[in-house]
**Q** 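Here it is: the structure, laid out below.
First listed ligand is number 1; within each ligand, the first listed atom is number 1. If you read the sequence from its start, that first residue is 1, and numbering goes on from there.
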Amino acid sequence: MVKHYSVAVIEGDGIGPEIVSAAKNVLAKAGQSEDISFEFLDAPAGAKTFQQTGTALPKDTLQACRDADAVIKGPVGLPSVTPGVVERDVVLGLRQELDLYANVRPTVLYPSLLDQSPLRAEKVKDGVDILFVRENSEGLYSRQGSKDQHRATDVSVYSQKGVDRILAYAFQAAENRKKKVTSVDKANVLKTSLFWRERFEAIGKTHPGIKTESVYVDAMSQYLLRCPSNYDVVVTDNLFGDILTDEASEITGSLGLGPGANLNPETKTGMFEPLHGSAPEIGGKNVANPIGMILSMKLLLEFLGHPEAGKRIDDAVQHVLEKGYRTADIAGKNTIAIGTREMGARIASMAGT
Ligand code: IPM
Ligand code: MG
């Protein structure tokens with residue numbers, strides 16, 4: 001029996017359309033080989049849409065995202081649109097409207113990219129495989145606050161419901177991994193962090209098989225560079241997670257490699273996007289690295305309950321990298337320079353065999 005899914009697709013701005021096109025192709029090919037088919041529905045949103053229609057997230061797009069089995073989202077934003085508009089309406093808008101409280105960002109250093117890591121070989125010789133679990137609905141992103149000519153405030157709010165559900169997600173994820181959860185906070189200064197730490201310790205007690213530790217965010221930004229192999233699941237708040245995942249992706253060779261999933265496991269809603277932005281300066285030039293977007297399709301397949309199809313994508317990416325094919329951001333000695341389209345096509349063809 002063929003499994004069929006409908007997927008809403010926000011192609012986004014800048015490099016969005018080209019990397020989304022590559023990712024759809026890879027997803028279709030990996031699915032085909034496992035008897036899974038996808039219907040893609042175009043759902044415009046972002047800076048281009050804002051310029052054309054006056055709204056960055058049209059109602060029909062939001063509805064299409066609600067109705068679909070999953071959402072593919074390319075990066076959004078253009079310099080010609082005031083910073084903050086598209087971020088607020090599309091990125092945060094969708095995460096909050098769909099209550100996608102878990103932002104899950106696997107950070108894996110592939111052996112073939114060891115020479116691309118800015119860290120010395122001895123620092124990464126034990127491998128890097130961290131699952132970042134970022135709280136995605138509260139904290140400083142709750143959009144409370146004010147600004148006038150003389151003063152501005154941002155309000156960070158964390159509820160027990162909000163904290164407990166993300167911590168529960170992290171512990172659950174650790175059960176299937178190396179059974180360690182590191183919680184990152186700033187409990188020496190912030191009340192929200194102190195609350196977070198108390199809930200972490202309480203929930204940790206209900207998972208006796210899992211090793212736990214709490215680390216301050218400033219120290220964590222340092223440890224990630226000093227001993228990245230020490231970490232398994234890292235759970236943290238919304239803003240800290242935003243910052244640490246960009247830092248960690250560089251350890252794997254490039255920001256362009258980082259995938260991401262925004263999930264609500266209870267309502268079975270998922271939106272899949274890379275962790276990088278729309279890079280308008282290289283948009284349409286066939287030079288962007290599509291791998292972060294493509295690996296997000298692996299997360300999509302896993303979320304829909306098809307890890308074997310997801311593995312096809314990971315294997316295909318690794319195979320193509322091992323053969324030496326590289327986009328400009330990860331070019332190394334004796335590698336073969338290719339563009340976005342060719343990278344996408346090579347991965348798709350591998351994922352389908
Ligand atoms: C991310 C991005 C967003 C965030 C921006 C675009 C609002 O940086 O997904 O990490 O801060 O969450
Ligand atoms: Mg970010």
**Q** Asp69 vs Lys3, test: salt bridge (Lys or Arg N to Asp or Glu O under 4.0 Å). Steps then yes/no.
**A** CA-CA 12 Å; Asp69 294 311; Lys3 277 258 180 196; over 6 Å; no
**Q** Under 6.0 Å between the ring centres of Phe132 and Tyr231?
**A** no
**Q** As a test of reading the model: which residues have a non-hydrogen atom less than 4.0 Å away from ligand 1?
**A**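 Contacting ligand 1 under 4.0 Å are Glu87, Arg95, Arg105, Arg134, Tyr141, Asp242.
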**Q** In plain terms, say whether Lys180 and Glu213 are close enough for a salt bridge, that is, a side-chain N and a carboxylate O under 4.0 Å apart.
**A** yes
**Q** Check whether any side-chain heavy atom of Tyr5 lies under 4.5 Å from a side-chain heavy atom of His306, and answer yes or no.
**A** yes
**Q** If you measure from the Lys or Arg side-chain nitrogens to the Asp or Glu carboxylate oxygens, is any gap between Arg177 and Asp129 under 4.0 Å?
**A** yes
**Q** Would you call the rings of His207 and Phe171 parallel, tilted or perpendicular, taking 30° and 60° as the class edges?
**A** parallel
**Q** Taking the basic N atoms (NZ, or NE/NH1/NH2) and the acidic carboxylate oxygens, is any pair closer than 4.0 Å for Glu201 and Arg197?
**A**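 Judged by the 4.0 Å cut-off on N to carboxylate O distance, Glu201 and Arg197 do not form a salt bridge.
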**Q** Of the options Asn136, Asn262, Leu263, Leu300, which is the one that meets Met271 in a side-chain contact (heavy atoms from CB on, under 4.5 Å)?
**A** Asn262
**Q** So which of Asp314, Leu257, Thr252, Val128 actually passes side-chain contact (heavy atoms from CB on, under 4.5 Å) with Tyr110?
**A** Asp314
**Q** Closer than 2.8 Å to the Mg ion (ligand 2), what protein N/O/S atoms do you find?
**A**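 Result, waters dropped: Asp242 OD1.
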